[in-house]
Amino acid sequence: MLNISQIRAQFPILDLEVRGKPLVYLDNAATTQKPRAVLERIQKYYECENANIHRAVHFLSEVATRRTEEARVRVARFLGARDSHEVIFTRGCTEGINLVAGSWGRANIGAGDEIILTEMEHHSNIVPWQILAAEKGATIKVAPINDDGELLLDEFEALFSEKTKIVSVVHLSNSLGTINPAKTLVEIAHRHGALILLDGAQSVSHIPVDVQDLGCDFFVFSSHKIYGPTGIGALWARRELLEAMPPYQGGGDMISSVKWSGSTWNELPYKFEAGTPNMEGAIGLAAALEWVEGVGLDNIAAHEAHLLEMATDAVRDVPDLTLIGRAKEKASVLSFVLKGAHPNDIGTLLDARGVAIRTGHHCTQPLMDRFGLPATARASFAVYNTEEEVEKFVEALHFAREMLV
Ligand code: 7TS
């Protein structure tokens, strides 16, 4: 059992009062708060280690380079990658998917080829493929879900043809909480000769991930959703794929030589990291992963599952409330609508009581269309949330319903 008050004490922001009330932060799927270990690590970087990396022989540059590369090794270990050079630092999940679509996609997708997505994708895992498909004359096929928010596996498999080149699927849905059966999806994609990308934006902070065990070809995540700083994330891909992919952006660091007659590319992972990288971010991310490993992802998952179950049971007593996302395999996310109340009004009334939830389409407009909704209200849990906070949230919800319905 985790000691949640000890964990909370490591997050300075959780002591805030907002609108005269203690903050109840339940918008963790959007971004998580940061423990002192991460904040202090970033401060130490700027106080003792800051220099541009890979470029100079001076002491500080060597230190900053070493720390950044150690961060890469930690990310690789966290993901279960066999080689840290398979880890590319990106700005986050969105840039990771754009990199795959822009580099692998441009080189491998042609007219008439097919890309399979699902109804529950985030816009970050839709729009880069739409841009690619429009440029190449390719087609996007969309796998349907049932009313509980679970992928329909037979329908998913029926979408494959000899033209299917890649599948790109969310691992854990930000709007529904559904955990997709990643290994099964990988097996199906590979059986049909297609590659598969897993969008791990929500999964890495809630369920242990091992890319080799999953067997996927690409995996992306963002640091800010796993207690790390913003502006950094990673793409993992198998070395053979990365070796064969053309650069995504051009600039410093990604070259081996530049001549007017043409340029040649650096080795992995630098080929995909043009320009001065986000050293502070990489080092902060490594500190976050170290912190998560210290707490233990299994412990985090168990605590969050308890909170989710408690919240799910409690909101059943709120009249006119419908849960959106009732998958059997689910984590962290409680999305709902209240008949007769706009989600934004629910969010505003909860905010007046210090309870921060998300309302809107959660960057999954096609999913909202699937449910015939403009928006939902969403509470999402992290390791530092407590039973008492769940109670406050439910109490505030009853209050909101009385005001609005
Ligand atoms: N994929 C999923 C499943 C996400 O939940 C998000 C962000 C992204 C991709 C994009 O991540 P980014 O770090 O590159 O922006 N999701 C949310 C959310 O649910 N509320 O705010 C951001």
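When a ligand or atom number is given, it counts from 1 through the structure's own listing order.
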task: Have a look at N28, L172, T94 and point out the one with the heavy atom closest to atom 15 (O) of ligand 1.
output: T94
message: Is a donor from one side chain sitting under 3.5 angstrom from an acceptor on the other, for T118 and E121?
response: yes
task: Tell me yes or no: between the side chains of T376 and H362, is some donor less than 3.5 Å from an acceptor?
output: yes
field: Basic-acidic side-chain contact under 4.0 Å: R77, D210
entry: no
query: When you check the gap from the basic side-chain N to the acidic O, do E187 and R191 get nearer than 4.0 Å?
result: yes
Would you check whether [X] reaches within less than 4.0 Å of ligand 1, judged by its heavy atoms?
X	value
K225	yes
H123	no
A29	yes
R378	yes
N125	no

task: Would you mind running through ligand 1 and noting each atom that sits below 4.0 Å from a heavy atom of A201?
output: 1 (N), 2 (C), 3 (C), 4 (C), 6 (C), 8 (C), 9 (C)
Which of the ligand 1 atoms, numbered from 1, are nearer than 4.0 Å to a heavy atom of R358: 21 (O)
- request: Classify the angle between the aromatic ring planes of F160 and H192 as parallel (below 30°), tilted (30 to 60°) or perpendicular (above 60°).
  value: parallel
